[in-house]
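Worksheet: one structure, shown below.
To find a chain, count down the sequence lines: A is the first, B the second, and so on, and within it residues start at 1.
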There are 2 protein chains.
Amino acid sequence: MSVESARARTLSHVDPAEVPLQAALDALADPVRRSILRDLAVHDDWTRACGTFDLPVKKATASHHFAVLRAAGLIEQRDEGARRLNRLRREEFTNAFPGLLAATIDRAD
Amino acid sequence: MSVESARARTLSHVDPAEVPLQAALDALADPVRRSILRDLAVHDDWTRACGTFDLPVKKATASHHFAVLRAAGLIEQRDEGARRLNRLRREEFTNAFPGLLAATIDRAD
DNA sequence: CATGGTGTTCGATCCCTGTCGTACAGTTGT
DNA sequence: ACAACTGTACGACAGGGATCGAACACCATG
């Protein structure tokens, strides 16, 4: 088709400043999601596709977690071919919730 | 009885440093509990008994929330007569989880 | 002692969410 | 065209936690 593929090429990304504190805390209160965030915090680039994380859940569940993180303004996602790449929105999220992300991921569980 | 009353006069208080991050986040991820913490953050004393908080839940539920906050190392409780007084463990908790408490209560929901 | 006030404990209920299997869509490569 | 790979969508399920009523324990005060 001429216009756009059926798959959303530009995913909806909220402004972290618009995210309710409740949603932010809910997103951070899951160990699988914190694991994802810690992995993303290592390098500030677009090198990590969803499938490259070693998670203790099946892919359907992992997909759900990525969606929650995106809705909470914690990650940004971009499609590149068949893969969906991820980036930690450290700056934006920290502006909206100073200290929260650092306090959560700069620590073992 | 000679030794102690049946009611626990000295309540069990954990060291915040021993609290798992998961428990801390779970405790903070509830709006009723955050409301309690914000109220306690106003004055650093023992002026607030459990019943003096204006909460949208019944007392059985409120009692449960206070227990969760105590188990997470967020508050300290002391019995004074028929009442149970509360204090925010700001310093101790912040030492264990730098920035987490501030990021959570220094903000409207 | 009797009454009222404060707070906990115990079941029971309800709802939310994390989990998974399956099916599907889109991409890549043969 | 076909197969393999990546990720999402949907329905179903189970576990946990928030909520409540009722009963109980403790304290204070008449």
Check the phosphate of C:dG26 against A:Arg84, side-chain N and O only, distance under 4.0 Å to OP1 or OP2. Yes or no?
no
Taking for each residue the nucleotide of DNA chain C bearing the nearest heavy atom, is the 5' side occupied by A:His65 or by B:Ala67?
B:Ala67
Starting from C1' on C:dG18, measure out to CG on A:Asp26 and report it in whole angstrom.
13 Å
Look only at the side chain of A:His43 and the backbone of A:Ala41, and say whether a donor-acceptor pair between them is shorter than 3.5 Å.
no
In whole angstrom, what separates A:Phe66's CZ from C:dG18's C1'?
15 Å
Please check if the number of heavy atoms outside A:Arg107 that lie under 6.0 Å from its CZ is greater than 12.
yes
In whole angstroms, the gap separating C1' of D:dG17 from CD of B:Gln22 amounts to 13 Å
5' precedence on DNA chain C between B:Lys59 and A:Thr61 (nearest-nucleotide basis)
B:Lys59
If you only use heavy atoms from C-beta on, which nucleotide in C:dT19, D:dA22, C:dG7 is closest to the side chain of A:Val57?
C:dT19
Nearest of C:dG21, D:dT8, D:dA22 to any side-chain atom of B:Ala60?
D:dA22
A:Cys50, nearest nucleotide to its side chain (from C:dC20, C:dG18, D:dG7):
D:dG7
Any base atoms under 4.0 Å from A:Ala62, or only sugar-phosphate, or nothing? Heavy atoms, all strands.
nothing
Return the nearest nucleotide to the side chain of A:Val32; candidates are C:dT27, C:dT19, C:dG21.
C:dT19
CD/A:Glu91: more than 12 non-hydrogen atoms of other groups inside 6.0 Å
no
Specify the separation, in whole Å, of atom CG of A:Leu25 and atom C1' of C:dT17.
16 Å
By nearest atom, which of the nucleotides C:dG5, C:dG26, D:dG7 is closest to the A:Ser63 side chain?
D:dG7
Can you tell me if B:Arg83 touches the phosphate of C:dG5, counting only side-chain N or O atoms and a distance under 4.0 Å to OP1 or OP2?
no
Return the CG to CD1 distance between A:Leu74 and A:Ile36, rounded to the nearest 0.5 Å.
10.5 Å
Decide whether a cation-pi geometry holds between A:Arg48 and A:Phe53; the criteria are a distance under 6.0 Å from NZ or CZ to the six-membered ring centre and an angle within 45° of the ring axis.
yes
CG of B:Asp79 versus C1' of C:dT8: gap in Å, rounded?
11 Å
Heavy atoms from C-beta onward define the side chain here; which of C:dG21, D:dA18, D:dC20 lies closest to that of B:His64?
D:dA18
Starting at atom NZ of B:Lys58, determine the distance to atom P of C:dG7, rounded to an integer number of angstrom.
16 Å
Output the rounded distance in Å from CG (A:Asn86) to P (D:dT6).
14 Å
Counting the atoms with a prime plus P, OP1 and OP2 as sugar-phosphate, which does A:Asp30 contact under 4.0 Å by heavy atoms, base, sugar-phosphate, or nothing?
sugar-phosphate
From CD of A:Glu80 over to C1' of D:dC5, roughly how many Å is that when rounded to an integer?
16 Å
